[in-house]
Amino acid sequence: MTKDSPMSTVVPVMVPMPAERPYSYAVPEDMRVEPGSIVRVPLGPREVAGIVWDGPGEAVAAKRLRAISAVFDCPPISEEMRRFVDWVASYTLSPPGMVARMLLRAPAAFDPEPPTEGLRLVDGMGPDRLTAARERVMEMAGDGQAWTRAGLAHAAGVSSSVIEGLRSQGVFETVSIPPRPLVAAPDPTFGRATLTDGQAAAAARLREKAGTDAFSVTLIDGVTGSGKTEVYFEAVAAALERGKQVLILIPEIALTQAFLERFHNRFGAKPAEWHSDLAPKKRERVWRQVAEGQLRVVAGARSALFLPFRELGLIVIDEEHDPAYKQEDRVFYNARDMGVVRGHIGGFPVVLASATPSLESRVNANQGRYERIVLSSRFADAALPDLATVDMRKAAPERGGFLSPVLIEEMKKTLARGEQSLLFLNRRGYAPLTLCRVCGHRFQCPDCSSWLVEHRFRGQLVCHHCGYNEPRPEACPECGTLDHLVACGPGVERITEEVDRLFPDARTIMLSSDMMGGVKRLRLELEAIEKGEADIIIGTQLVAKGHNFPGMTLVGVVDADLGLANGDPRAAERTFQLLAQVTGRAGRTGRKSLGLLQTYQPEHPVMRAIVTGDAEAFYDRETAERERAGLPPFGRLAAIIVSAATRMEAEGHARGLRRAAPQAPEIDVLGPAEAPLAVVAGRHRFRLLVHGARRSDIQGFLRDLLKAGPKPRGSVRVQVDIDPQSFL
DNA sequence: AGCACGCCGACT
DNA sequence: GTCGGCGTGCTC
């Protein structure tokens, strides 16, 4: 701040809206701000929280200049974090204001948490008359500590009016109790795990890295059950010992309660959680305590990357291949990559862990940008399941069924041994397509033209792309014929029906992300399964994610081919990862276990890779294939998302882009039907896949597209989606 | 992203 | 006659 200026100083303030640069605000004479300060500023008709940014404030017409209304009593956002925001904005081609907005997502946290009112015994004061109730209270409070009124009443077994009576006599004085930390401090020496030789070597290497102030990326590549978590916990311990905060990113943390337990066993306390299901109050407290440095470890979903850490010294990204790390609205980013960048900016190590690493991380490791540590054997006596394909052309299911006799036979055996079976089918609902047997009418979404999926339990037809739904009709809307609608293909509901028919006495549980009762119910069901309260589990991809099912010795993949033919360049990789993860759920206790893949293409590279366990060969092949096609992970523009009302309009954008960029690349338009993306207010998001362009050209593309390209009514919103190989 | 302003259809 | 739909435009 300049002292000599008679005018009030002007500072840049990043406001939470799509502004391309910070806005300028006047600082009142008696106000002190510094870069990073969180301030309240007037913006149009309202007031918002913004962050004082770096550099001198830009000159702005005096008439427009408004003054900061208040500075929040909150630790300033660190310089590292501000550079991170700028970097993410420039890399994702989003307005920095929108990135800053992700950081300001806990509005009530900017003011300090109000201390709670406590009561403490005043020395030498006693009550006028001593009753039995009063005596108990005096005894409890005799330790000289401050108590909350309700806490003391509860502990002494009296009503709070007894306490109130004593307080009005002056026996108690009112003191303020500082807010209690959300979780206890983790103790790096608490529950040291016993590690196998391979694990110990990996842990030592990670400890070495996490014990220094230097950026590095380490990829821990270990089969499911090889103890990756225990190994990276040692890196966490090393960072904690250095007095650093630690961030552990986990996809779908709301469902991963088991992880919190394991952390607790190792560190004697739970980590703080951060995800979108967090209650607002808790959310604020986590944000605040991270900013103050009270919380040392946060386990969170991708948005935890934007928490205001002040002493961050390690990021672990578990299941780094998981597509849930990719945010595909507003600011498009992949938290795995932005995590690496955060480590680079902060000068600290980053650890990526996965049993099925993404191609791009593997390429980065092969080229020496990341260090790769392989954990090749399963922990203790946990054995990998035997894996085999079931050729559905030879072992076809009975008419009307979807389970091959081969699989049914194994389920019978498993049931007889009192062990659990898992049937995996990555498709929610009852049937993916409904048609009229009389006229051939197919039920389609009126908003986005994909097939409506029947949800029989709910009695609805639902669009899985945009959420449109209608009650399932009795008659065909086209020809009016009653009772001739037929469900085509299976979903988990239909498989559950088949299982109930085949095994009427077995205890079955169906797990699906759209299940009634939400996350809470899912958690309970998962717990029940772990306790062995079910024999057969039928589930969508959520069963592939990190749960331990100790009694599970059979995994059947109902349709292993699903997802291979959807036009996504990552289809094979994704399918491989999903199948490897889901079959890895079996045999965790060392019992002999089996995984069966029902497929019509047993010779497909994905099936071969799963059955032979040769992930290396598969990845090499896939990498070469991508390189030939000019696709990611080779550092090129992957996709532009345009918002358009129709496919024709999206094609128009694509033509404009082709014209605007003469060196241009091939552009494919993927509509909502092929690329499931959110549909907003009647407009659809189309993905323009651009082959072979360099990222440095993107800015130009977009400028030209917006300037010279066809502009069919309304705003053209363009977003960039990049799967990079290297981005530092 | 919010939020106001502004111009056309079904109702207290 | 008004309530209310979302299209367009602006925010230091």
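Reminder, nothing fancy here: chain letters follow the sequence lines and each chain counts from 1. Here the structure is a predicted model, which means the values were calculated and not measured.
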note: Leu43(A), atom CG; dG2(B), atom P; distance rounded to Å ~ 11 Å
In whole angstroms, the gap separating P of dC12(C) from CG of Leu65(A) amounts to 10 Å
Can you classify the ring geometry of Tyr91(A) versus Trp87(A) as parallel (below 30°), tilted (30 to 60°) or perpendicular (above 60°)? parallel
Handout entry: Aromatic ring proximity, centroids under 6.0 angstrom, Tyr333(A) and Phe306(A)
Key = yes
Whole-Å distance, Trp53(A) CH2 to dC12(C) C1', equals 16 Å
OP1 or OP2 of dT11(C) sitting under 4.0 Å from any side-chain N/O of Arg46(A)?
no
Remember a base hit wins even if backbone is also touched, and classify Pro42(A) as base, sugar-phosphate or nothing at under 4.0 Å, heavy atoms.
-> sugar-phosphate
Whole-Å distance, Glu20(A) CD to dA1(B) C1', equals 14 Å
Worksheet item: If you measure from the Lys or Arg side-chain nitrogens to the Asp or Glu carboxylate oxygens, is any gap between Glu113(A) and Arg285(A) under 4.0 Å?
Response: yes
In whole angstroms, the gap separating C1' of dA1(B) from OH of Tyr23(A) amounts to 11 Å
To the nearest angstrom, the CE-C1' distance between Met17(A) and dG2(B) comes to 10 Å
**Report entry** His455(A) and Asn469(A): side chain donor to acceptor below 3.5 Å
**Finding:** no
From the candidates dC3(B), dT11(C), dG2(B), the one with an atom nearest any side-chain atom of Arg101(A) is dG2(B)
Out of dA1(B), dT11(C), dC3(B), minimum distance to the side chain of Met98(A) belongs to dA1(B)
Atom CD1 of Ile68(A) and atom C1' of dC12(C) are separated, to the nearest Å, by 11 Å
Whole-Å distance, Glu47(A) CD to dC3(B) C1', equals 15 Å
